[in-house]
Amino acid sequence: MDITLPILILALPIAMFLILGIGGVKMSRKVAGVLGILGMGTTATLAYIVAFTYFFSGNPDFIIDGVRLQYQVFDVTWLAFTQKLIVNIGFLLDPISAMMLVVITTISFLVHLYSWGYMEHEPGFQRYYAFLSLFSFSMLGLVVATNIFQMYIFWELVGVSSYLLIGFFYKLPSAVSASKKAFIVTRFADLGFLIGILILSYYTDTFNFINLTSNPEAVLTSTGGATFMGASVLTWAMVLIFTGGMGKSAMMPLHIWLPDAMEGPTPVSALIHAATMVVAGVYLVARMFPVYCVVDAAMTFICVVGAITAFYAAVVACAQIDIKRVLAFSTISQIAFMMVSLGVAYDRPIEGVHYAGLGYMAGMFHLFTHAMFKALLFLGAGALIHAVHSNNYTAMGGLRKYMPITHWTFLIGCLAIAGIWPFSGFFSKDEMLAAMFARHWFWGAWMTMVAGLTAFYMFRLYYLIFWWEENPHYKEHKPHDAPWQMSLPLIFLALVSCVAGFIPFGELVTWDGVPYHIHIELPVAATSLSVAVIAILLATKMYRVKNDLPTKVKNFWPTLWEAAHRRFYWDEIYQFVVHKIIFGIICRSIAWFDRHVIDATMDGMAKVTNVASNSIKGMQSGNVQAYVIWFFLGAVALAGITWLCLV
């Protein structure tokens, strides 16, 4: 493949960042918006061409005997630590990177277009588009990285970009606090990621993904059976690498940043916290999947973290008032669903079915479908906020009559995420649950319960917004659908959410290049669909029209509802640990020790030195006669010591 298109895919977004970032202040809003939209539109077109060429051209560089290959379009040396340990910068094409090119550029282009209407009257419009371009460049560089060190570099650039976008409204203390929170939490996670990279590269002498994943058994043997605290070195390396994914994908206990990140503009929430940045952790596990498959302990760790996070986030979403926070916790839960799908993978066939391929393919399939319908839901939430000027559903109700486009597209998003046939979420969720049931009935049953909670809280949100009781403020300010720049992305994403489930995904995106034919597991599909329908009917009963049932349910166990509403006090726990224990006890103890032991010891030595110097400073009086006397006394003392030694 000609390297021109891949280079342009990376060059255009960074060029737009520089042009808008440096020259934006001299541009009108319209010029900046058009430049940003055209730049990302061109990037998306190039990404589609590259992905289409990879999947369908039949080029022997990409596919041989039905097996889809990993292909390094270019790979140039950047740093050389040793003759073997070299860091390159390149562009890797394989099924998941090609798929992610489509996802990132599609969502980013739609967000650019949507923002033209949503951010029209906001100050810093040009700066906003510059930050969007920087984020797109960072995420694209991450997914096409040829080696794990290049991925880490762009991983950190994604963190910087998200910090800038979350804190875009920097005059609001809450936005500044949220951006710092996101940055600090993910930096702690990324420290583990970096340590894991260093451990892995130390034993394998490579950063290159193809070298690492083409022969995972060699990676396992390269450690020579080394262990640390009862676990193999490779287990530690892979778990530490996964902590980077835990931070980016907001897995417990590193999830606390994502709900507060909703302080950024709503289109940013759709771009970063629904479709791209938060799936970086899933993409990381998928990229290193063959290595994870030979480390059972790491896979179990991924399963446990994902299952706990998915259930926790789903329960919390049931008790939120802010519609963006409901979607934020929904994102956490759905990302965790993908993690469990990857984590339950077997590295061997069972009854002729390769469940490693199934779990991997299903997770990637759901990453794709989720990106579309969750972006749709977030952009729909933006249209609602744009209409009623509030994030809370208490300022809404009965909006289906005033905002028909938003209503129908939002409903499609709810049906897709609930896993209702024939919407896209049904197919990807069914594949994930099939892989989970194949591993063990517990994983399948647990995540089916989570899927039921998902259907319940999403239709709770839907009914409270579009049905329930009309807000009396509508008489003063009549809501209406958003302008075409905002409505067009909603319609497009709704259409994709309707048909994406029929894409032959398993034949395109596989972990070992061998096509996997998707087929519906009827017992699994019937069970999950029944659970979803029951959950939707329950939400309909409770929230379709105004009644006392929600209050009765809340009053039945008010402590649980309050705890869920307060996110089970995770923020308070972190505040207590940081302020009371780390700063209040540990730091104060260290400060006391520093002041009263270290400083006091040094001060004592200084005082002794002062006293001694004051006592003998007369010896340096400048009097020649005194110098002669001291010289004579020294000579006598030296002679006496010498005589005593000889005797």
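Closest of all the heavy-atom pairs between K248 and V158 is CE-CG1, 3.9 Å. A pairwise comparison of heavy atoms in T331 and V278 identifies CG2-CG2, 3.8 Å as the closest pair. Between S341 and G363 the shortest heavy-atom distance is OG-N, 3.4 Å. Taking both residues in full, the closest heavy atoms of P265 and M119 are given as CB-SD, 3.8 Å, listed atom of the first, atom of the second, then distance. Scanning all heavy atoms of the two residues, the minimum distance from I107 to A270 falls at CG2-O, 4.1 Å. Residues L376 and L490 approach most closely at CD1-O, 3.4 Å, considering heavy atoms.
Because its NZ or CZ atom is not both nearer than 6.0 Å to the ring centre of F329 and within 45° of the ring axis, R325 does not count as a cation-pi partner of that residue.
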Report the C-alpha distance between D75 and N88 in whole Å, list the side-chain angles of each, state the deciding distance to 0.1 Å, and finish with yes or no for side-chain hydrogen bond (donor to acceptor under 3.5 Å, both in side chains). CA-CA 6 Å; D75 196 43; N88 288 1; 2.8 Å; yes

Apply side chain to side chain contact (heavy atoms under 4.5 Å, CB included) to Y129 and I37, showing your working. CA-CA 9 Å; Y129 269 90; I37 293 167; 4.2 Å; yes

Decide side chain to side chain contact (heavy atoms under 4.5 Å, CB included) for F193 and I241; before the verdict, give the C-alpha distance in whole Å, the side-chain angles of both, and the deciding distance to 0.1 Å. CA-CA 4 Å; F193 186 15; I241 287 172; 3.7 Å; yes

Please lay out, stage by stage, how V304 and I308 fare under the test side chain to side chain contact (heavy atoms under 4.5 Å, CB included). CA-CA 6 Å; V304 172; I308 294 173; 3.8 Å; yes

Dump the intermediate steps for side-chain hydrogen bond (donor to acceptor under 3.5 Å, both in side chains) on N208 and Q72, then the final yes or no. CA-CA 11 Å; N208 187 273; Q72 292 183 165; 3.0 Å; yes

Check against side chain to side chain contact (heavy atoms under 4.5 Å, CB included), V268 and F168: CA-CA 10 Å; V268 169; F168 177 76; over 6 Å; no

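Applying the 6.0 Å contact sphere to CZ of F426 captures more than 12 heavy atoms from other residues, nucleotides or ligands. Within a 6.0 Å radius of CZ in F74, other residues, nucleotides and ligands contribute more than 12 heavy atoms.
By the 4.5 Å heavy-atom criterion applied to side chains, H255 and V185 are not counted as neighbours. Inter-residue side-chain proximity for Q334 and T454 is flagged as met; some heavy-atom pair is nearer than 4.5 Å. Counting heavy atoms from C-beta outward, Y163 and R187 have side chains that stay 4.5 Å or more apart. Between I412 and F423 the shortest side-chain heavy-atom distance falls below 4.5 Å. Taking the side chain as every heavy atom from C-beta outward, L493 and M372 approach each other to under 4.5 Å. Contact of the V279 side chain with the M100 side chain is registered, since non-hydrogen atoms from C-beta on lie closer than 4.5 Å. Within the 4.5 Å cutoff, the side chain of F137 has no heavy atoms near those of the M16 side chain. Contact annotation: the side chain of C303 never approaches that of R439 to less than 4.5 Å [non-hydrogen atoms, C-beta and beyond].
The main-chain N or O of M361 is never found under 3.5 Å from a side-chain atom of E431 such that the two would form a donor-acceptor pair. Remark: the backbone N or O of S330 is not paired with any side-chain donor or acceptor of S333 at under 3.5 angstrom. In this structure a side-chain-to-backbone donor-acceptor pair under 3.5 Å is missing from T369 to G425. Side-chain atoms of T309 do not come within 3.5 Å of backbone N or O of G306 as any donor-acceptor pair. Not a single donor-acceptor pair under 3.5 Å links the side chain of T106 to the backbone N or O of V103. Not a single donor-acceptor pair under 3.5 Å links the side chain of Y118 to the backbone N or O of P267. A donor-acceptor contact shorter than 3.5 Å is absent between the side chain of T266 and the backbone of G382. Checking side-chain atoms of S249 against main-chain N and O of M251 turns up no donor-acceptor pair under 3.5 Å. When atom types are taken as modelled, the side chain of T213 and the backbone of P290 share no donor-acceptor pair closer than 3.5 angstrom. With hydrogens and angles disregarded, a donor-acceptor distance shorter than 3.5 Å links the side chain of Y292 to the backbone of M238.
Here the CD1 atom belonging to I166 is positioned 5.5 Å from the CH2 atom belonging to W257, to the nearest 0.5 angstrom. S162 contributes atom OG, which lies 11.0 Å from atom CE of M139 (distance to the nearest 0.5 angstrom). For the atom pair CG of L377 and SG of C414, the computed distance is 5.5 Å after rounding to the nearest 0.5 Å. Atoms CG and CD1, from L8 and I49 in turn, are 10.5 Å apart once rounded to the nearest 0.5 Å. Taking OG1 from T43 and CD1 from I9, the interatomic distance works out to 7.5 Å, rounded to the nearest 0.5 Å. Taking CG of L200 as the start and CZ of F207 as the end, the distance is 9.0 Å to the nearest 0.5 Å.
Taking the six-membered ring for Trp and thresholds of 30 and 60 degrees, F505 and F368 have ring planes inclined between 30 and 60 degrees apart. In this pair, Y54 and F62 present their aromatic rings tilted. The plane angle is within the 30 to 60° band.
Remark: aromatic rings of F337 and H370 are distant, center separation not under 6.0 Å. The aromatic ring centroids of F135 and F17 lie 6.0 Å or more from each other. No close placement of the F52 and Y48 rings is indicated, their centers lying 6.0 Å or farther apart.
Remark: F502 engages F427 in a ring pair (Phe, Tyr, Trp, His ring centres under 6.0 Å) (not counting sequence neighbours). Listed by chain and residue number, nothing satisfies the ring pair (Phe, Tyr, Trp, His ring centres under 6.0 Å) test with F209 (two or more places apart in sequence, or in another chain).
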